[in-house]
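Computed over heavy atoms, backbone and side chain alike; hydrogens, waters and symmetry mates excluded.
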Amino acid sequence: MMQQCHNSDNSTLCLRCLSSDPNSHEADKVGLARIILKCINSQLLILTKNTSTLGSHHYRNPKAAAAWKQCGLGFSTAKRGLGEADAHLITGDYDKAAYDVSVKVVNPPVSCRNSLETLNIQVPSSFRYHIDVYLALTQALLRIVDRF
């Protein structure tokens, strides 16, 4: 586990994610990558829920409401991308898994964050934190998959 997380920018977060799964000690590289996918999915669920809640607070500001709605749609795309990446990991198509993560999984939260910043929408620190964790985990996953 430590060897797999060593090359990530946030090895502590990577190790915490892997340690959260009792099967991680017996997992091979693909198994570890799939555990990180589960952690990313957990962050995605939190972000999706927060997006829905925060969007409902901006019903009087059409631009803000539209931005939050777009974030939610992007997170739906990320959810599908996670499923596709997982399927590619299972079948051993690691290049496609990396592509799905780098395009379909990473882009939506980055676009969401950029849209909200462009509109000067106040974003709770907890939301920013979950995006940062999500992106750090995707980076860790990509580093692991790149070494397959």
Side-chain angles (χ1 to χ4, degrees), residues 1-56 58 64-119 121 123-148:
M1 280 190 329
M2 291 194 61
Q3 182 182 4
Q4 295 305 316
C5 290
H6 178 71
N7 290 328
S8 70
D9 290 341
N10 192 331
S11 58
T12 303
L13 182 62
C14 178
L15 285 169
R16 191 175 305 144
C17 165
L18 292 176
S19 298
S20 70
D21 190 304
N23 299 317
S24 63
H25 297 290
E26 296 95 35
D28 61 5
K29 290 179 183 180
V30 173
L32 294 174
R34 294 187 70 214
I35 291 169
I36 293 176
L37 271 178
K38 290 178 192 175
C39 293
I40 295 168
N41 188 58
S42 294
Q43 290 299 312
L44 184 59
L45 293 174
I46 293 167
L47 288 167
T48 302
K49 182 180 177 187
N50 288 345
T51 299
S52 177
T53 302
L54 293 166
S56 68
H58 288 91
W68 285 110
K69 182 177 182 179
Q70 200 60 38
C71 287
L73 293 172
F75 292 148
S76 293
T77 299
K79 177 78 172 167
R80 284 189 304 278
L82 283 174
E84 292 169 9
D86 190 37
H88 292 309
L89 285 172
I90 291 168
T91 61
D93 198 342
Y94 306 126
D95 288 339
K96 284 185 180 178
Y99 174 82
D100 286 337
V101 172
S102 62
V103 174
K104 298 175 183 176
V105 178
V106 172
N107 286 346
V110 171
S111 296
C112 174
R113 183 176 57 195
N114 292 345
S115 295
L116 297 171
E117 287 175 0
T118 300
L119 293 171
I121 296 171
V123 178
S125 59
S126 61
F127 187 79
R128 288 192 305 271
Y129 169 79
H130 288 293
I131 283 185
D132 290 344
V133 170
Y134 177 97
L135 292 173
L137 288 169
T138 58
Q139 184 271 338
L141 176 62
L142 287 170
R143 294 274 172 98
I144 290 170
V145 172
D146 284 347
R147 290 192 312 273
F148 283 173

Are [X] and [Y] close enough that some pair of their side-chain heavy atoms sits under 4.5 Å apart?
| X | Y | answer |
| --- | --- | --- |
| Val101 | Val145 | no |
| Arg128 | Leu116 | no |
| Tyr99 | Asp95 | no |
| Thr91 | Lys96 | no |

Which atom of [X] lies closest to which atom of [Y], heavy atoms considered:
| X | Y | answer |
| --- | --- | --- |
| Leu32 | Leu18 | O-CD2, 3.5 Å |
| Ile144 | Cys14 | CD1-SG, 4.4 Å |
| Ala27 | Ile35 | CB-CD1, 4.4 Å |
| Leu89 | Val30 | O-CG1, 3.7 Å |
| Leu82 | Val105 | N-CG2, 3.7 Å |
| Phe75 | Pro108 | N-CB, 4.2 Å |

Looking at [X] and [Y], would you say the former's side chain and the latter's main chain have a donor-acceptor pair under 3.5 Å?
| X | Y | answer |
| --- | --- | --- |
| Asn41 | Leu37 | no |
| Ser19 | Arg16 | no |
| Ser42 | Lys38 | yes |
| Ser115 | Ala67 | no |

Output the distance between atom [atom1] ([X]) and atom [atom2] ([Y]), rounded to the nearest 0.5 Å.
| X | Y | atom1 | atom2 | value |
| --- | --- | --- | --- | --- |
| Leu135 | Ile131 | CG | CD1 | 7.0 Å |
| Leu47 | Cys112 | CG | SG | 8.0 Å |
| Arg113 | Tyr134 | CZ | OH | 12.0 Å |
| Ser111 | Leu73 | OG | CG | 12.0 Å |
| Leu142 | Leu137 | CG | CG | 11.0 Å |

Requested in this report: Describe, in one word, how the ring planes of Trp68 and Phe127 are oriented to each other, choosing from parallel (under 30°), tilted (30 to 60°) and perpendicular (over 60°).
Outcome: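 Plane angle over 60°, so perpendicular.
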
Query raised in the report: When you look at Gln43 and Thr138, which way does the side-chain contact (heavy atoms from CB on, under 4.5 Å) test go after all the steps?
Result: CA-CA 11 Å; Gln43 290 299 312; Thr138 58; over 6 Å; no

Query raised in the report: Going by an N to O cut-off under 4.0 Å, is there a salt bridge joining Arg34 and Asp21?
Result: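 No, this pair does not count.
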
Requested in this report: Under the side-chain contact (heavy atoms from CB on, under 4.5 Å) rule, what do Asn10 and Gln139 come out as? Steps first, then yes or no, please.
Outcome: CA-CA 9 Å; Asn10 192 331; Gln139 184 271 338; 5.8 Å; no

Report task. Just jot down the side-chain hydrogen bond (donor to acceptor under 3.5 Å, both in side chains) partners of Lys104, sequence neighbours excluded, or say none. Result ->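 Lys104 satisfies side-chain hydrogen bond (donor to acceptor under 3.5 Å, both in side chains) with Glu84, Asp100 once adjacent residues are dropped.
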
Query raised in the report: What residues form a side-chain hydrogen bond (donor to acceptor under 3.5 Å, both in side chains) with Thr77, not counting sequence neighbours?
Result: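 Thr77 satisfies side-chain hydrogen bond (donor to acceptor under 3.5 Å, both in side chains) with Arg80 once adjacent residues are dropped.
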
Query raised in the report: Counting only heavy atoms not in Asn114, do more than 12 sit closer than 6.0 Å to its CG atom?
Result: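 For Asn114, atom CG is crowded (more than 12 foreign heavy atoms under 6.0 Å).
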
